[in-house]
Amino acid sequence: MAAEPLIKVENLVKHFVVRLGAFGERGATVYAVDDVNFDIFAGETLSLVGESGCGKSTTGFTLLNLQKATSGKVIFQGENIVSLNEKRMRPYRRELQIVFQDPYSTLNPRMTIGEVVGEPILFHKLATKAELPEKVTRLLADVGLPARFASRYPHELSGGQRQRVAIARALACQPKFIVCDEAISALDVSVQAQIINLLLDLQEKYGLTYLFIAHDLAVVRHISDRVGVMYLGRLAELATREQLFSNPLHPYTRALLSAVPEADPELEKTRQRQILVGDVPSPLAPPAGCRFHTRCPIAMDKCRAVVPEWREVETGHHVACHAVEMETAG
Amino acid sequence: MTITPVNLSSTVADDEPPVSLWRDAWHRLLRNKLAVAGLAVVILLAFVAVFGPWLTPYDFLTQDLEARNQAPSLAHLFGTDDLGRDVFSRVVYGTRTAFVVAIVVTTIAVAIGVTLGAMAGFFGGLFDRIVMWFTDMTMSVPNLLLVVVINASLKTPITAWMEARYQATLNPFYRETIWVDFLLVFGSMALISWPPYARLVRAQVLSIRGRPYVTAARALGLTNRLILMRYIVPNAIGPLIVSVSAGLGTAMVLESAFSFLGVGVNPPTPSWGNMISDGLRVWQHYPHLLAAPAAVLGLATVAFSFLGDGLNDALNPRGSK
Amino acid sequence: MTAPEIQKPLLDVRGLTIEIETRRGPAIIVDGINLTVGKGETVGVVGESGCGKSLTMLSLVRLLPNKIKVKGGTAEFAGRDLLKMSKSELRQVRGGKIGFVFQDPMTSLNPVMRIGDQLCEPLIYHRNMSKADAGKRAIELLRLVGIPGPEQRITAYPHELSGGMRQRVMIAMGLACDPELLIADEPTTALDVTIQAQIVDLVKDLRKKLNMSVVWITHDLALIAGLVDRVAVLYAGTVVEDAPVGELFARPTHPYTRGLLASIPKLSDERASRLSSIGGTPPEPGRRPKGCPFAPRCALAESICHERVPVLEPVAGHSGHRVACFVAQRQLKEAA
């Protein structure tokens, strides 16, 4: 962990301006990602979890410069990539890839699987035209698909198979880093397990680093080295898998963990749940102070006024909460 | 490390050839009887338009003053008009006029519409707003009024200018006033026809631009040009084909309407519109002079419309449910 | 719960078969499903997408989409066959005796109607209530499903509510006429975990309060572990296993059920260990194998599995546990 991080995210901010009113005369700001800091180390799987609208996917998109950051830095190979224009970004694109959630819209329906997987190889000149078929075959084999699939079209494949193709397309660039944006969320349970295994195998084989964006905590617990919990655009807690699941500090993390059902009827009967009241506030008008205070069972006056500091309470365990701060200080 | 091979027998049969979406759509189109009928009529009319002059028994200009206003007979299938010209031959030649006008006008309109619409949708921002402003403005002006105004105000000066050029150069090209007709007819029709294409393409591009496969292409580092050509245009083209098919029929009707109003293709070049216009004056005495061109125009419009509906169902199978 | 096997079940589906019109001709997607729901019982119907779990439930109130038709079977509800009822009788059942809650509250609610009016409609129609009474009942229902300030909320439009609130409104609509049976089709799939927990607790609570039967359709085995009394596992349009919930999780018997349970990541797993997974994908309609539909993906499959279709048979010694598998049944007999 002491090693130099592969990617360093510093004070990343992404605000969207939306137009409201019949003539777009009123502008409003969506505070999608606000002042997020974390490092990603080579070879690890860092997961970002949180509920819809918490900004976890936007963090992934902004980090890859697919959406322009409002402010902040993402340092990769010594360069702040979020400040680059598309042309200067191009060489980095090859190394930073993404796999999306919806297997039905992730592939161009007019291209064969072979074209989908072959395109990045030719574009980045990673092989000649003559070498291409062999290269495509090898990539398809890597994701567990037979070579004859190269001539098929996406609509002829099942969801799990399409997701394999999307992974092969990302791999075609020989990337160092892949953002998996809810990459398994839309798949059936039995297929999910196949894709998780595949991602783990590929990580081992090619030394990949993953930023795994998901809402399924059982899956996250299974595959992550470290986990970050986001709430309304801010990181609430970031820790190693063991720290987070055995000693969650932030009240939101605790509530989130207790809401996850376990596949065990006996355990479920006796389990004490901490059920949060209310809904997530709108990111158009996030609460002042700590953004979680409206639903927090232990909120204090301070939480309504002051934004809690992002602190490292023990090695590798970061949290932003006034209550935790008081506990550890006192 | 081993990667478990997947058992694929349940989804893709090995013996079936790959099916592209285009081929799939073609098969769906062929199963639609109305669409096939429409397609057959369109092909027949296109054939007539191309080979018409070799098929007709008479020249469309040859007047036979002995045989004026004759009712349909074996010698003259659709009868003859007030100058003794064979109506069948004129309808056949009118098909050529209709097709030339429809194809040229639609091509120009599609070229303008697709270029502006695709760029507006892809780049957005100020360019988008200006293009949409122009589109809305054009659509808000009554079509016929615009065409009549253009023709009325430009025809005389252009003809006068051509006459002057002829006097100066003696080049016979400047004597061909048919070009003025065509320029004005094609030009003004294209001018009022492009906005729907621009809107359609812009809406398509906007929706496709946000799809994950386009974002994936951006993440792969592909250039804007490649993304537009390989990812956006091929996926936007389905609805465009539907709209072009319907647009060809509309252009034929439009041309007839203009000829009818006297601002279209001028006599003696036969067009269904000016034949209908002529026929209308005497329809109580010689109904065939009105019926023949009107029936063919109706047939063509219905055929294009069936074909367009069929294409729509074939290319957007989910929309047809 | 009360012992449901003694009483006549509230819902008794037998041999339900559903066909879909495909390009290659008609294909069976639900193949002779048997399913019972006792009075006051909560049954989980579990399966992956395309296994026919939603279609089975929609067919009961004859709300199947166009190209899908019921081909055979019976579905007795309180002694009457739903599949043979007249249209007017059926309308009394829909939204009256059987309440529905769908997955996506955004598309299931009418966006241009106030939620109060949407709640009142079934009351006025099924219960012949006056507008004023229906309005009062609507407020009561919103309070019942835990919506704060129901007096103000009844004038809200669906888009003014959050996803969780909309799902609560959907549940209130399902409950409007005190149904004997509530069918919930993946009601929490579109929701976040903390909201899901709220909804699950709400349904548990309501079930006790109103003494109704619930069918909870889901793909998430973990979710129903603490929620239902009995589970029916569906695969490719057939029930492959049917057991009380504790029994199913303790002694999963069908290879598919075992595979599903094993593919859920567990607390005790080591990080990044390989999950056991089921290879391949479920068959598409029209490509069903000849024998057991699971045989092509099954590690235990023998020649008989590819030839004949197994039927649901009781597991000896475990009351209420039934499984449709040649190999598992034989192994159980050998062990006994």
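On a predicted model such as this, the values are computed, not experimentally measured, just so you know. All chains are named by letter (A, B, ...) in the order of the sequence lines, taking the proteins before the strands, and each is independently numbered beginning at 1.
- Within a 6.0 Å radius of NZ in A:K135, more than 12 heavy atoms belonging to other residues, nucleotides or ligands are found.
- For A:M111, the part sitting under 4.5 Å from any heavy atom of chain B is the side chain, from C-beta outward, and nothing else.
- Under a 4.0 Å N-O distance rule, the pair A:K56/A:D181 does not qualify as a salt bridge.
- At a heavy-atom separation below 4.5 angstrom, chain B is approached by A:I98, A:F100, A:S105, A:T106, A:L107 within residues 98-107 of chain A.
- The environment of CD in A:E134 is sparse: at most 12 heavy-atom neighbours from other residues, nucleotides or ligands sit within 6.0 Å.
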After noting the C-alpha distance and the side-chain angles of A:H124 and A:C173, does the key distance pass the side-chain contact (heavy atoms from CB on, under 4.5 Å) rule? CA-CA 7 Å; A:H124 290 291; A:C173 298; 4.2 Å; yes
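- For A:Y92, no part lies under 4.5 angstrom from a heavy atom of chain B.
- Within residues 221-233 of chain B, the residues approaching chain A closer than 4.5 Å by heavy atoms are, in numerical order, B:G221, B:L222, B:T223, B:L226, B:R230, B:Y231.
- For the pair A:R110 and A:E115, the salt-bridge criterion is not met [side-chain N within less than 4.0 Å of a carboxylate O].
- In terms of the ring-ring contact (aromatic ring centres under 6.0 Å, His included) criterion, B:H27 has no residue partners (sequence neighbours excluded).
- For B:R199, the side chain to side chain donor-acceptor pair (under 3.5 Å) partners are B:D136, not counting sequence neighbours.
- Closest approach of A:A150 and A:V136 over heavy atoms only: CB-CG1, 4.3 Å.
- In the model, A:S57 has no side-chain atom that pairs as donor or acceptor with a side-chain atom of A:E182 under 3.5 Å.
- The aromatic rings of A:Y153 and A:H155 sit parallel to each other, their planes meeting at less than 30°, with 60° as the upper class boundary.
- In terms of heavy-atom pairs under 4.5 Å with chain B, the best-connected choice from A:R93, A:R169, A:K87, A:M89 is A:R93.
- For chain B, the option among A:P109, A:P91, A:S151 with the highest count of heavy-atom pairs below 4.5 Å is A:P109.
- Side chains of A:Q161 and A:R152: no donor on one and acceptor on the other come within 3.5 Å.
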